[in-house]
Amino acid sequence: MKGYWGVARAIIGREFLRFIHQRERFIAALVRPLVWLLIFAAGFRAALGLSIIPPYQTYITYETYIVPGLCAMVLLFNGMQSSLSLVYDREMGSMRLLLTSPYPRSWLLFCRLFGSTMISVLQVYVFLGIAALFDITMPAWGYVAVLPGLILGGLMLGALGLVLSSFISQLENFAGVMNFVIFPMFFLSSALYPLWKMAESSPLLRDICALNPFTHVVELIRFLLYLQLNLYALAWVVISTMVLSVVAVWGYDPARGLMKRKG
Amino acid sequence: MTSGLTVQGLSFNYGAKAALQDVSLDIPPGCFCALLGPNGAGKSTLVSLLTRLLVAPKGDISIAGHDLRTAPRRAMAELGVVFQQSTLDLSLTVRQNLAYFAALHGLPRAQVPARIDAALDQLGMRERSNEKVRSLNGGHRRRTELARSLLHDPKVLLLDEPTVGLDAASRQAITDHVHDLADQGLSVLWTTHLTDEVRDTDALLVLNQGQIISTGETGALRDGTPLSDWFLARTGAPA
């Protein structure tokens, strides 16, 4: 068992070292949600009227509404960025080295996934801290309660990134996938507008949003920030994480998936 | 059951295209075996199969007596690999790179510093242990990778074109060192397309179009003909 922890410590430690060496990435990951929060939300405040919906018990500003969505956005972008670096790692060979470890491949991939998730979570907390400086705050215990939701959401989106990386044979193909995955996932969710608002313009779009696992990550975070548990969202996220993890391990199975095609 | 590297009836296809057909080889302890083959012969596929990046539907691989299919953990623990492409993290120091690898192999933490020192000493790299890999030249990076591949005390060493891109002196140093390792009892498989790295006393395998077409002691096989000419005549491709 000792060896398993040693492997975990090494892989997660390497993720943190890599993160420290890429400060630009950290800043970029923070600027994105802050631009949405401080500029986009300010502009849209007047355009979007919000009714009182759970978990809120009073009228809220639009800035407050989109904070959970932007937390999930940090997790989404980081999950994708991490898988992008996996494709890079594989092209550069360091993934080869990782996979020659005698430990089970599923454990190696989980450690990699967990390491990048913890970095995402750290970034979300920095984002929440900056939002608080601008007087966009949540209940104090909400910041604690949201932690498991952030980890779970991060794992789900990281697993999605792993799946994509296992089926993308070259770095160049990645940009297209980013456009076809990140933007639809983000905009077809409850991150920027509640689903009832979406239903006013298109019930079909609302239904698509409701099926999007990203919506449930957002809702899980939203409810936890207000010290409530949305069991429906939790179930969606847990099931999505499990399915995506199984597919990721399958994709990295030496007998199948990308390795076979790449040779 | 032998304690070196044994491959039996290994075949592998990419879709309809056969990459390896019925490849068998046996490298006992203390043997330096050069695997010579032109581009596209199937060398990279063989390396991927030996390192478990690919799994063949047909054939068996045994590393130090452990079957790679049924006991992958024990088999991989006995295998040291130097890939053709560098797998070092450029932003980390030599020591950090080796420590990362030691952890991936589950080496006891208390032993790691001493093992790293010993491996670096062997390759004359100890004084560079705290330098970032980015600042090292190609030869030193290769030596670092070789030191790393020996950290867990493997019984089988696999090197995939390890001298590509190195100057003559570095090539010579690495080639000599790996021959010494074979003399000390390791089973060594060295893939290359450079005939001057192969000695007459080395075992030689020639891979062409996915098949082993020649096998034996290099000196006996070439029988006085320069190895590059002999290779050209056998494969129709320059080495």
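Letters A, B, ... mirror the listed sequences (proteins, then strands); counts begin at 1. In this text, all values refer to a predicted model and were calculated from it rather than measured experimentally. Atom set for the values below is all heavy atoms of this structure, side chains included, hydrogens, waters and symmetry mates excluded.
The environment of B:Q209 atom CD is sparse: at most 12 non-hydrogen atoms of other residues, nucleotides or ligands sit within 6.0 angstrom. Other residues, nucleotides and ligands place no more than 12 heavy atoms under 6.0 Å from the CZ atom of B:R74. The environment of B:K155 atom NZ is sparse: at most 12 non-hydrogen atoms of other residues, nucleotides or ligands sit within 6.0 angstrom. Around atom CZ of B:R69, more than 12 heavy atoms belonging to other residues, nucleotides or ligands sit under 6.0 Å away.
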Task: B:F101 and A:L98: CA distance, side-chain angles, deciding distance, side-chain contact (heavy atoms from CB on, under 4.5 Å) verdict - done: CA-CA 8 Å; B:F101 178 84; A:L98 180 71; over 6 Å; no
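Among B:A99, B:A19, B:A103, the residue making the largest number of heavy-atom pairs under 4.5 Å with chain A is B:A103. Of the residues considered (A:G13, A:A8, A:S101), A:S101 shows the highest number of contacts with chain B, using heavy-atom pairs under 4.5 Å.
Contacts of B:R148 with chain A are made by side-chain atoms alone, with heavy-atom separations under 4.5 Å and no backbone atom involved. At a 4.5 Å heavy-atom cutoff, B:L107 makes no contact with chain A through either its backbone or its side chain.
Looking at heavy atoms from C-beta onward, B:Q84 lies out of side-chain contact with A:R96 at the 4.5 angstrom threshold. A 4.5 Å side-chain heavy-atom check between A:R14 and B:D89 finds at least one atom pair inside the cut-off.
Here B:L53 contributes atom CG and A:R105 contributes atom CZ; the two are 6.0 Å apart, rounded to the nearest 0.5 Å. Atom OH of A:Y103 is separated from atom CE of B:M76 by 13.0 Å, given to the nearest 0.5 angstrom. The CD atom of B:E145 sits 8.5 Å away from atom CG of A:L97, with the distance rounded to the nearest 0.5 Å.
Among residues two or more places apart in sequence or in another chain, the side-chain hydrogen bond (donor to acceptor under 3.5 Å, both in side chains) test is passed with A:T100 by none. Every residue meeting the side-chain hydrogen bond (donor to acceptor under 3.5 Å, both in side chains) condition with B:T163, not counting sequence neighbours, appears here in chain and number order: B:E197.
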